[in-house]
Amino acid sequence: MKLDKKTILKIVFWAIAAPIIVNIIMFIPSFGLAASTTDNWLSFFGNYSGGIVGGIVAYIIAASQIKAQNDEKIKDEIKNSRSYIILEEFIAPVDLKGVITHNNSKILSNKFYEEIKKDPNSKHKSIPFYKIHHSGLPEIILDCEIKVILHGEGETAGKIPYLVESHLSVFEKNTEIFIPVARKDFKHINPKRVTVSYSTIKGEKILYVYDVDKMEEKHVLINLKDRNKDRVLHRVKLKGVTWIYPAKFNDHSR
């Protein structure tokens, strides 16, 4: 329990006023008694007020320590409840046939992918995907919004970037989102930017950004009250780094 300033002032006032009032009452003739001497009275008042003030101070210190411990516990719980997006390059058949995935895994389609599927040769081709999933202690993240900005087929020259979007109210831990990043000639097409915004189970809002132009990925803790106070939780520079992720195939499909 935390004492507010008004309550503390009331306690201090009555702690000082109580012995004075008692002494005044004792001087009333009808009571017939009063403090025997000034020294005795001052000694009593000193012990009394000292005990009261000491008790108040001890209570405030104990209450502050308990509050600080509870606040720290809440911060740890919030921190431990954060989930982090993982984006990987993934080479696999166009339709992911034979790839071991979670039952709820999805392909985030786009116009390039739809053109690839129409090609009669697509069944025998493998293309690059970006595979998105999340890690951390919680089993789910909430209100997940995925946005991917893709370059046009002629790279960036004279082409307007193409936006692919998807929304998941619940994104389970084992679920994988596959984003095709290939043109109809089965060649790789680099996304310009991938963002995933989501809420943790403790209500924090986090934004994951994979920025091709800046060659970095980061997780940003969003301050909903003041965006100027957004905080970067994790940042990795990707310039000069090449990652290759092999496709994971079911042995029976080989």
Side-chain angles (χ1 to χ4, degrees), residues 73-114 116-117 127-150 161-182 191-212 216-227 229-236 238 243 245 247-250 253:
K73 183 179 179 180
I74 291 173
K75 287 181 180 179
D76 288 340
E77 288 178 353
I78 291 175
K79 185 176 180 179
N80 292 333
S81 297
R82 290 173 184 164
S83 297
Y84 295 89
I85 296 295
I86 297 175
L87 184 148
E88 300 173 339
E89 285 190 14
F90 190 87
I91 308 298
V94 171
D95 56 1
L96 296 181
K97 185 178 180 179
V99 178
I100 301 173
T101 64
H102 187 272
N103 291 334
N104 293 329
S105 294
K106 301 172 176 64
I107 295 177
L108 182 53
S109 185
N110 56 64
K111 68 179 183 181
F112 307 113
Y113 181 66
E114 294 301 324
I116 288 173
K117 288 199 301 180
I127 62 172
F129 290 85
Y130 275 179
K131 184 181 73 173
I132 294 177
H133 57 105
H134 66 89
S135 67
L137 294 178
E139 292 297 319
I140 61 171
I141 54 178
L142 306 170
D143 194 24
C144 185
E145 202 169 313
I146 302 171
K147 292 184 179 180
V148 184
I149 300 177
L150 297 166
Y162 177 67
L163 178 64
V164 181
E165 295 181 278
S166 183
H167 180 266
L168 298 172
S169 56
V170 178
F171 189 174
E172 296 177 349
K173 192 171 184 178
N174 293 325
T175 300
E176 297 167 328
I177 305 296
F178 293 90
I179 305 171
V181 284
K192 186 178 180 65
R193 184 181 174 92
V194 179
T195 63
V196 183
S197 64
Y198 58 97
S199 296
T200 69
I201 59 173
K202 288 295 184 179
E204 285 189 313
K205 193 73 174 178
I206 295 179
L207 175 66
Y208 167 81
V209 179
Y210 178 88
D211 194 314
V212 176
E216 71 171 16
E217 64 176 346
K218 61 183 178 181
H219 288 84
V220 180
L221 181 62
I222 303 300
N223 188 312
L224 298 176
K225 294 181 179 179
D226 185 355
R227 291 301 305 272
K229 294 182 180 180
D230 289 353
R231 179 160 60 93
V232 176
L233 299 174
H234 177 258
R235 176 187 278 121
V236 176
L238 304 176
W243 292 337
Y245 297 92
K248 296 183 292 185
F249 293 95
N250 187 321
S253 65

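We number each residue from 1, following the sequence as shown. Computed from a predicted structure; not experimentally measured.
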Testing the basics here: between [X] and [Y], what is the closest heavy-atom pair and its distance to 0.1 Å?
| X | Y | value |
| --- | --- | --- |
| Val94 | Ile107 | O-CD1, 4.5 Å |
| Pro180 | Leu108 | CD-O, 3.0 Å |
| Pro93 | Phe129 | O-CE1, 3.6 Å |
| Ile201 | Ile140 | CG2-O, 3.7 Å |
| Pro138 | Arg82 | CD-O, 4.1 Å |

All pairs passing salt bridge (charged side-chain N to carboxylate O under 4.0 Å, His left out) where residues 161-173 contributes a residue, at least two apart: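 Qualifying pairs: Lys147-Glu165.
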Rounded to the nearest 0.5 Å, how far does [atom2] of [Y] lie from [atom1] of [X]?
| X | Y | atom1 | atom2 | value |
| --- | --- | --- | --- | --- |
| Asp143 | Ser199 | CG | OG | 5.0 Å |
| Lys131 | Leu87 | NZ | CG | 10.0 Å |
| Ile100 | Glu176 | CD1 | CD | 10.0 Å |
| Cys144 | His134 | SG | NE2 | 7.5 Å |
| Glu204 | Ile222 | CD | CD1 | 11.0 Å |
| Leu168 | Ile141 | CG | CD1 | 8.5 Å |

Check each of Glu217, His234, Lys218 against Tyr208 using the side chain to side chain donor-acceptor pair (under 3.5 Å) test, and report the only one that passes.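 Only one of Glu217, His234, Lys218 forms a side chain to side chain donor-acceptor pair (under 3.5 Å) with Tyr208, namely Glu217.
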Would you say the side chain of [Y] lies within less than 4.5 Å of the side chain of [X], judging by non-hydrogen atoms?
| X | Y | answer |
| --- | --- | --- |
| Ile132 | Val196 | yes |
| Thr200 | Ser83 | no |
| Ile179 | Val164 | no |
| Val170 | Leu142 | yes |
| His133 | Glu88 | yes |

May I ask you to decide if the ring planes of Phe112 and Tyr162 are parallel, tilted or perpendicular, using 30° and 60° as cut-offs?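 Aromatic pair Phe112/Tyr162 classed perpendicular.
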Classify the angle between the aromatic ring planes of Tyr210 and Tyr130 as parallel (below 30°), tilted (30 to 60°) or perpendicular (above 60°).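 Plane angle over 60°, so perpendicular.
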Kindly determine whether Ile91 and Glu89 satisfy side chain to side chain contact (heavy atoms under 4.5 Å, CB included), including the steps that lead there. CA-CA 7 Å; Ile91 308 298; Glu89 285 190 14; 5.7 Å; no
Please check: side-chain N/O of [X] versus main-chain N/O of [Y], any donor-acceptor pairing under 3.5 Å?
| X | Y | answer |
| --- | --- | --- |
| Asp230 | Asn223 | yes |
| His219 | Ile85 | yes |
| Thr175 | Phe171 | no |

Could you tell me whether Asp76 and Lys73 have a side-chain N and a carboxylate O separated by less than 4.0 Å?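 Answer for the salt bridge query: no.
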Any ion pair linking Lys111 and Glu114 (charged N to carboxylate O, less than 4.0 Å)?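 Salt bridge flag = no for Lys111 with Glu114.
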Full working for side chain to side chain contact (heavy atoms under 4.5 Å, CB included) between Ile206 and Val220: CA-CA 6 Å; Ile206 295 179; Val220 180; over 6 Å; no
